[in-house]
Protein chains: 2
Amino acid sequence: MNIGQAATASGVTAKMIRYYESIGLIEPPIRTEAGYRIYATEEIHELRFIKRARTLGFSIEEARQLLALWRDKSRASADVKRFAMKHVRDLETKIEELQGMSLTLRHLARTCHGDDRPECPILADMALPGYDQPPHEQ
Amino acid sequence: MNIGQAATASGVTAKMIRYYESIGLIEPPIRTEAGYRIYATEEIHELRFIKRARTLGFSIEEARQLLALWRDKSRASADVKRFAMKHVRDLETKIEELQGMSLTLRHLARTCHGDDRPECPILADMALPGYDQPPHEQ
DNA sequence: CTTGACCTTACAATGGTGGGAAGCTCCATA
DNA sequence: TATGGAGCTTCCCACCATTGTAAGGTCAAG
């Protein structure tokens, strides 16, 4: 199985497979005489694992740690669960941030007439001072 | 007002002010004889506007468009509102993506015992095939 | 044997931001 | 007045994850 087939089978582009190899996320595979990378089922599984981790929003470094947990057959499932729940909290923090932005903008938009006239509280608000850092200086 | 004071007044770091200038987001300010950038109240307002737009999750290119709308005193408020609501939809799409990830991980974590034993459905699931692209090949 | 698809490496760009080096300027204090 | 330190200047590099491109080698089908 060469890199193109591995890409199709795993859902990771050939480009990214080479990149993951270059950063040591996956082991360099054996090569043909001509220098072509050859992947076995085992490697495809790893790539799929990585792909799935990325889809779930784990960073590459986190995927690296997950891979380590995956390979370590003797680690406690509690370790994995802790790791996963930490990521869930990270995701939810991010979600709350975005919801804050969305809500603020919705509120602003609601007060905007949205007609031919130029007056617009959205832009007016954005020019207001002291919004990003609440005023708490000396 | 030099760049450091402008940074403090606007909440945008000096570093980023120079960057915004370099990409043409703000106009190059006048300089002292020694080459120091000098900012007036007007520019501080623009920087604050940009900062606020970024805080609300607009990209720099979007901030550029918002600035154009802001400067154009005759544009219809409907244009601004449309722009803002488009961004709200973008934000909500992103939120849904993250919620999908979070939910999936929560479900997986719930089925994981989280004890000393190594069996863990979280990692088992992540190695499963055909998850990221639903199976619809030939 | 040619052609085209695929492989190889290497380098650049993206979006925002931070970090740092090397050199100049300003201002206060000794 | 000299000195020192803070702040300014430009320039280049790093991050993360991914994509694009270019120049060249290889494989398989026609």
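Scope of the values below: all heavy atoms of this structure, side chains included, with no hydrogens, waters or symmetry mates. Lettering follows sequence order; numbering is per chain, from 1.
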Holding to side chain to side chain contact (heavy atoms under 4.5 Å, CB included), I want the full list of residues that pass it with A:A63, two or more places apart in sequence or in another chain. A:A53

For B:I17 and D:dC8, what is the distance between atoms CD1 and C1' respectively, to the nearest whole Å? 13 Å

CD of A:E96 to CD1 of B:I95: how many Å apart, nearest 0.5 Å? 10.5 Å

Any A:R18 side-chain N or O less than 4.0 Å from OP1/OP2 of C:dC6: no

Taking atom C1' of D:dT9 as reference, at what distance in whole Å does atom OH of B:Y39 sit? 12 Å

Rounding to a whole Å, what distance do you find between A:L47:CG and D:dT18:P? 12 Å

Quick one: does A:E92's side chain get under 4.5 Å of B:R106's, heavy atoms only? yes

Across all chains, not counting sequence neighbours, the side-chain hydrogen bond (donor to acceptor under 3.5 Å, both in side chains) partners of B:R37 are B:E21

Which pairs with one or both residues in residues 78-88 of chain B pass side chain to side chain donor-acceptor pair (under 3.5 Å), sequence neighbours excluded? B:D79-B:R82, B:K86-B:D90

Rounded interatomic separation in angstrom, taking CZ from A:R31 and C1' from C:dT9: 9 Å

When we call it a touch if two heavy atoms are under 4.0 Å apart, what does B:R54 touch: a base, just sugar-phosphate, or nothing? sugar-phosphate

Quick one: does B:R54's side chain have a donor or acceptor within less than 3.5 Å of a partner on B:F58's backbone? yes

Rounded distance in Å - CD (B:Q5) to P (C:dC26): 14 Å

Please tell me if the side chains of A:M101 and A:L105 come closer than 4.5 Å, counting only heavy atoms from C-beta onward. no

Remember a base hit wins even if backbone is also touched, and classify A:R37 as base, sugar-phosphate or nothing at under 4.0 Å, heavy atoms. sugar-phosphate

Within residues 58-69 of chain A, residues whose heavy atoms come under 4.0 Å of DNA chain C: none

Would you mind reading off the distance between A:I38 atom CD1 and C:dT8 atom P, rounded to a whole angstrom? 9 Å

Taking the side chain as everything from C-beta on, heavy atoms only, tell me whether B:D125 gets closer than 4.5 Å to A:R52. yes

Only counting residues at least two apart or in another chain, list the ones meeting ring-ring contact (aromatic ring centres under 6.0 Å, His included) with B:Y36. none

What string of B, S and - do you get for nucleotides 19-30 of chain D 5' to 3' if you count protein non-hydrogen atoms under 4.0 Å? BBB---BBS---

